[in-house]
Amino acid sequence: MGKEAASAFARWFMLLDFPAQPVLTAVADLSPTVLEWYKQIPDIKLLTTDYKELLASDVDVVYVAVPHNLHEHIYTDVLRAGKDLLAEKPFGIDLQAAENILQVIKETGRFVRCSSEFPFLPGVQRVIKTVQEGIFGHLLEIKAGFHHSSDLDPTKTINWKRQTQFCGLIGVMGDLGMHVAHVPLRLGWKPRKVHAHLQKIYTERPDGKGGMAICDTWDNAILHTRLDIGAQKDIPMTWEMKRMAPTETNTWYIEVLGTDGGCRFSTKEPKTFWQYTRGKEQWWQKTDLGFQGPYATVTGGIFEPGFPDCFMQMFAGYIAEREGFSNGRFTCATPEEAVDSHRIFAEALLTNV
Ligand SMILES: NC(=O)c1ccc[n+]([C@@H]2O[C@H](COP(=O)([O-])OP(=O)(O)OC[C@H]3O[C@@H](n4cnc5c(N)ncnc54)[C@H](O)[C@@H]3O)[C@@H](O)[C@H]2O)c1
């Protein structure tokens with residue numbers, strides 16, 4: 001993800017009327033091979049295998065993308081070094097770690113946000129706007145999810161995301177959950193009840209050295225939740241986070257249905273927004289939105305947005321909010337939203353039956 005971030009900064013001139021320019025000057029990674037890649041970036045002055053050296057330099061903001069077991073330690077070191085932070089999800093390996101990070105944010109007063117890029121896509125922005133118009137009547141149900149499929153291959157080599165000691169007891173929820181939680185939490189949809197169905201499928205995987213290694217994380221998670229929105233009580237909201245969803249390659253989706261209307265968006269159709277209306281007849285209509293992120297770019301309106309675009313929009317959201325010119329546009333997940341997502345995942349572990 002560090003390389004994705006570097007690529008976003010390298011094409012910053014795409015943004016229109018954006019009066020702040022981040023410059024990538026220092027990178028820390030344990031792997032000298034990984035550091036080698038960054039040598040092609042002209043503004044970098046420091047490449048180091050010791051992140052403390054980076055924290056001692058004059059950088060203002062640090063983006064940290066490391067395994068989950070290291071989040072609390074490195075995030076709090078960044079804050080205590082007087083730097084602002086764009087933290088990767090899930091914002092700590094568990095709820096306790098997330099709360100500890102939040103405590104250090106309060107103590108240091110640094111500006112911190114958590115990574116979650118899909119809500120910056122035009123289709124998701126339209127979902128948020130349409131929901132906020134309040135035209136759906138009584139909400140019937142909300143479904144949101146994030147699906148991967150490559151773990152269906154039993155010969156896929158193990159990595160840290162498939163081992164509880166590095167990824168966390170919440171498993172797939174730590175890996176994919178913040179992506180699912182961000183929009184519902186931003187809309188104020190905090191479940192008051194969570195009931196989980198968690199699955200572990202393959203218990204070991206090739207270790208990449210000719211043997212097998214224990215694979216002990218939850219692969220798939222379905223969270224059935226209930227929430228109240230004003231006078232509307234007991235609305236079912238389902239969150240699905242799956243590493244084993246046949247044929248799905250990074251599919252993020254949301255669907256909101258009410259008595260009078262509804263909408264849906266999926267990255268399967270990356271430019272298409274669907275809206276349901278109930279008149280004399282009931283209709284699903286769709287429109288192709290093209291390229292319209294919250295932060296305007298030089299890219300023509302008819303083109304399709306993709307992962308690097310929403311990732312860059314997320315960084316634009318971070319910088320704009322930090323510098324005070326987001327002006328009501330969408331911004332990154334807050335530390336409080338990240339902690340709330342952890343509360344829900346912690347409850348899921350307790351209610352899994
Ligand atoms: N926003 C997204 O879409 C997205 C996608 C994938 C991963 N992530 C998150 O990004 C983070 C990293 O995931 P990844 O897929 O990039 O993992 P990765 O394993 O590909 O990369 C992690 C890097 O951290 C380095 N590292 C480990 N310990 C270090 C240390 N002490 N000091 C410096 N560098 C160290 C490793 O050498 C490695 O290069 C995780 O929190 C993950 O959940 C986010």
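This chain uses plain numbering: 1 for the first residue, then up along the sequence. Side-chain atoms are counted along with the backbone in the values below, which use heavy atoms only and exclude waters and symmetry mates.
The only option from Glu255, Arg264, Arg126 that meets the side chain to side chain contact (heavy atoms under 4.5 Å, CB included) definition with Trp274 turns out to be Arg264. The only member of Arg243, Lys200, Gln165 that meets side-chain hydrogen bond (donor to acceptor under 3.5 Å, both in side chains) when paired with Thr217 is Arg243. Under the side chain to side chain contact (heavy atoms under 4.5 Å, CB included) rule, Glu117 has a single partner from His182, Met314, Glu4, Met312, which is Met314.
The closest side-chain donor-acceptor pair between Gln275 and Trp283, if any, does not fall under 3.5 angstrom. In this structure, a donor-acceptor pair under 3.5 Å is present between the side chains of Ser150 and Lys156.
Hydrophobic cluster membership differs between Val59 and Ile319, with clusters built from Ile, Leu, Val, Met, Phe, Trp and Tyr side chains linked at under 4.5 angstrom.
At a threshold of 4.5 Å between non-hydrogen side-chain atoms, the residues His148 and Phe146 count as touching. At least one side-chain heavy atom of Val66 sits under 4.5 Å from a side-chain heavy atom of His71. Between Phe9 and Phe315, the closest side-chain pair of non-hydrogen atoms falls below 4.5 Å. Between His147 and Glu240, the closest side-chain pair of non-hydrogen atoms falls below 4.5 Å. When side chains are defined from C-beta on, Phe120 counts as touching Tyr295, because their heavy atoms get closer than 4.5 Å.
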Notebook entry, point to check: Would Val183 and Leu185 count as a side chain to side chain contact (heavy atoms under 4.5 Å, CB included) if you check the C-alpha gap in whole Å, the side-chain angles of each, and the deciding distance to 0.1 Å?
Noted result: CA-CA 5 Å; Val183 171; Leu185 293 177; over 6 Å; no
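Minimum heavy-atom separation, Val78 to Asp84: CG1-O, 4.0 Å.
Applying the side-chain hydrogen bond (donor to acceptor under 3.5 Å, both in side chains) test to residues at least two apart or on different chains, the pairs with a partner in residues 343-353 are Asp340-Arg343.
Applying the side-chain contact (heavy atoms from CB on, under 4.5 Å) rule to Tyr202 yields the partners Pro154, Arg205, Met244; only residues at least two apart in sequence or on another chain are considered.
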